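Being a predicted model, the structure only gives us computed values, none of them experimental.
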Amino acid sequence: MTNQQAKRRDPRGHWFLLLLGGLAFICTLLLEGFAHGAVGEAPHHAPTGGPAPDQVTGGGAVLNLSGGTLHSLHMPAKTIALTFDDGPDPKWTPQILDVLRRHGAHATFFTIGAHVAENPALTRRILREGNEIGSHTYTHLDMADSPAWRNRLELGLTQRALAGAAGVKTRLMRMPYSSVPDGLTSKEWTAAKQAGDDGYVVVLADRDTDDWARPGVRKIVATAVTAVHRGEGGIVMLHDSGGDRTQTVLALDQMLDRFHLEGFRATTLSQALNLPAADVPASGTEKLVGGTLVTAQRLAGWITGVLQVLFLAAGVICVVRLVFLVGFAQIHVRRVRRGRSGRARPWLAAGLAPPPVSVIVPAYNEEAGIAATVASLLDHDYPAPVEILVVDDGSSDRTAEIVESLIREGRGGRLHDGTPAVKLIRKPNGGKPSALNVGIAHARAGVLVLVDGDTVFQRDTIGNLVSPLADPAVGAVSGNTKVANRKGILGRWQHIEYVIGFNLDRRMFDVLQCMPTIPGAIGAFRREAMVAVGGVSDDTLAEDTDLTMAICRSGWRVVYEETALAWTEAPATLRQLWRQRYRWCYGTLQAMWKHRRSMLEPGQSGRFGRRCLTYLWMFQVALPLIAPAVDLFAVYGLVFLNPASMLETWALFVGVQVLCGAYALRLDHEPIRPLWTLPVQQVVYRQLMYLVVIQSLVTAVLGARLRWHAMHRTGTFGTPDALPVPATSLTR
């Protein structure tokens, strides 16, 4: 595709949809975190402030503030109001309801709004079986230490949850962490008055069984039946959620037997005190709003459950992948390197003359580095003729003039037959594939080396790169690309990525014979293999990946040669990095789709497809798609779950990556100092790569044609007279 083609802009509207979806996702997590950040009965801090007024602490357990006047109510004789806090719970509430039904008793359930939203069917069963429901706030909030607006919010949300789940509202309310009247503090009394002013009847307890602490069935029963022999009624506090309630269920059965023997009735609070029904039908609007809340809460619970599984699965899969990569790398080191080490010239060892090599350099606006590239290609120790074809693809800068000056000044060298070693081929702009095909058509040698115009070779690179082609089964060779401009943190991140990718992934692909990509920066090809696949295709923007996959499918082996080093200039800014990786990722997706049928084909092509494409779909598409959500869940876990557990998991994952990175760097004879940037890379660079995958997939799904993005060169390698090639080398 030419630079003049594809004027359509990349799709932009989807970013709004992605942002909207991400905001909805974050709101869902916040709702779940809000709902469960403090749910569950447990001891809390010691109450502060003085006691409540005497008329409260010395009165009954039911506080009715209608009309602005306190009416303290006591339970009538021979009447028990069983109350259950913290539910409904899908495990314990049904067992408690079964016991109540078996004894013909009814109770009052002070429910947590978040639990109501999660268990609407269970909430409806409570009411259907003759029981009543009260509010226990939405998240089990300590109302005494919370501002009035938060208390009203919690109670209002609980009303909406009840309206959405069961179509009712409630008049009753019990404050979390409250108990009997004489234990009420002044702060709790203030919160109770606020609720009373809003129309609630505030319910305390006459007998707090402390069953949440699981003191034993006998003690729970003893507390509940206190003063039964005197015929005194009372409100008994129990719990149907917040932990193991086995003791509560067993104690309930026994205490109901005792109440029956003593002639007591166990009924709801409203019936016992002849109060208006606690459950009031909700309006249509209230049901609609409540239904939305219930749906959102249930969806949030489902999403966080799925994310928790994905978080663990993604972590395990990534760690297992790294372990497997290290294992395959070790196999490669033992089997492949041992077979090639010390054989830099296998042609001579086999009694054959090294074949001539044609190096093809497609160049478009590469004036900053083309001189250094050509100079490094000329400075080789390969014993056979090496011709260098620079194909200028309609550059608008001085690329062609620089190459011409090298040839004119005699710095281009000559071949054995006296012809110039460097040749310049000019052509109209047509894209990299067309430039490569023009170079291939003009090349005279049977071994073709393709090199980007921003790449520098070492003296032994050409010899090391073409040496595996001495094996007649090998059709192409991938070299080892290294980042030259690695001083800044962005350069270090890319350096780590390159080293791990080339020294772990590529070794695995070599061993499994399913190499997906020979990088454009450095690759050697047998002409027969190139002809067999019809040259370089322009069907995708990742022509190197497309070409490599086609060669693998045609039956040739594609191998990785670690000692063939090429130094390249990586993007120096995030914008350049985005554009480069966007093109790479989009082109790789195109190539994967183009060669998808290989997964069903027999023979070598099928083995390649099932191994390579499965791996790419899993780790370069599926995992990056879910990774942002998993990362958000990790942040959610730090805020709302166990932060220590989340940090330990993250530290374990990063630790494994550091170890694998250190192994890869050592294989490449590189220092491990840059690994200090890897933890930061996990929270910045990795997320950028995820967004690249998402953008590429959206572009592909929408059918937009991506433009060619040319990278701005900074001239890392300077002039041909001063090549700052890094000192680190694998040269043996």
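- Counting only distance, with no hydrogens or angles, the side chain of Arg125 and the backbone of Leu122 share no donor-acceptor pair below 3.5 Å.
- For the atom pair CD1 (Ile672) and OH (Tyr663), the distance works out to 15.0 Å, reported to the nearest 0.5 Å.
- Among all heavy-atom pairs drawn from Leu688 and Trp578, the shortest one is CD1-CE3, 3.4 Å.
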Derivation of the side chain to side chain contact (heavy atoms under 4.5 Å, CB included) call for Asp85 and Met237: CA-CA 7 Å; Asp85 293 359; Met237 180 185 290; 4.0 Å; yes
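- With respect to the salt-bridge test (charged N to carboxylate O, under 4.0 angstrom), the residues Asp89 and Arg245 do not qualify.
- A donor-acceptor pair under 3.5 Å links the side-chain atoms of Thr540 to the main chain of Ala542, judged by distance alone.
- Annotation: the span from Ile626 atom CD1 to Tyr690 atom OH amounts to 9.0 Å, rounded to 0.5 Å.
- Separating the CZ atom in Arg581 from the CG atom in Leu574 is a distance of 11.5 Å, to the nearest 0.5 Å.
- Nearest heavy atoms, Gln297 versus Ala114: CG-O, 4.0 Å.
- For the residue pair Glu188/Ser178, the side-chain donor-acceptor check at 3.5 Å is not satisfied.
- The closest side-chain donor-acceptor pair between Tyr200 and Gln159 falls under 3.5 angstrom.
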Only pairs under 3.5 Å count here: list side-chain donor-acceptor contacts from residues 306-328, not counting sequence neighbours, and write none if there are none.
unit_1 : atom_1 : unit_2 : atom_2 : d
Arg321 : NE     : Tyr615 : OH     : 2.8
Arg321 : NH2    : Asp505 : OD2    : 3.3
Arg321 : NH2    : Tyr615 : OH     : 3.2

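- Using a 4.0 Å cut-off between charged nitrogen and carboxylate oxygen, Glu670 and Arg666 do not count as a salt-bridge pair.
- Aromatic pair Tyr177/His140: ring centres closer than 6.0 Å.
- A donor-acceptor pair is defined here as one N or O able to donate and one able to accept, closer than 3.5 Å; such a pair exists between the side chain of Arg506 and the backbone of Thr517.
- For residues 111-123, no residue pair satisfies the salt bridge (charged side-chain N to carboxylate O under 4.0 Å, His left out) rule, not counting sequence neighbours.
- The closest donor-acceptor contact from the side chain of His239 to the backbone of Phe84 lies at 3.5 Å or more, if one exists at all.
- Distance alone, capped at 3.5 Å, is enough to place a donor-acceptor pair between the Trp92 side chain and the Gly243 backbone.
- With hydrogens and angles ignored, the 3.5 Å screen pairs no side-chain donor or acceptor of Glu132 with any backbone N or O of Thr268.
- By the 30° and 60° cut-offs, the orientation of the rings of Tyr586 relative to Tyr582 is perpendicular.
- At a threshold of 4.0 Å, the pair Arg171-Asp279 does not count as salt-bridged, since none of the basic side-chain nitrogens sits closer than that to a carboxylate oxygen.
- Side chains of Gln681 and Glu497: no donor on one and acceptor on the other come within 3.5 Å.
- Arg610 places a side-chain N or O within 3.5 Å of a backbone atom of Met599 that can act as its donor or acceptor partner.
- Judged by distance alone, with hydrogens and angles left aside, the side-chain atoms of Trp493 form a donor-acceptor pair with the main-chain N or O of Thr677 at under 3.5 Å.
- Salt bridge status for Arg686 with Asp631: present, with a side-chain N to carboxylate O gap under 4.0 Å.
- The pair Arg101-Glu129 meets the salt-bridge criterion, since a charged nitrogen lies less than 4.0 angstrom from a carboxylate oxygen.
- In this structure, Gln494 contributes its side chain and Pro571 its backbone to a donor-acceptor pair below 3.5 Å.
- Using a 4.0 Å cut-off between charged side-chain N and carboxylate O, Arg152 and Asp198 make a salt bridge.
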Intermediate values then yes/no, salt bridge (Lys or Arg N to Asp or Glu O under 4.0 Å), Lys219 and Asp211: CA-CA 9 Å; Lys219 187 171 182 180; Asp211 64 323; over 6 Å; no
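- Under 3.5 Å, the side chains of Glu648 and Ser645 contain no donor-acceptor pair of N or O atoms.
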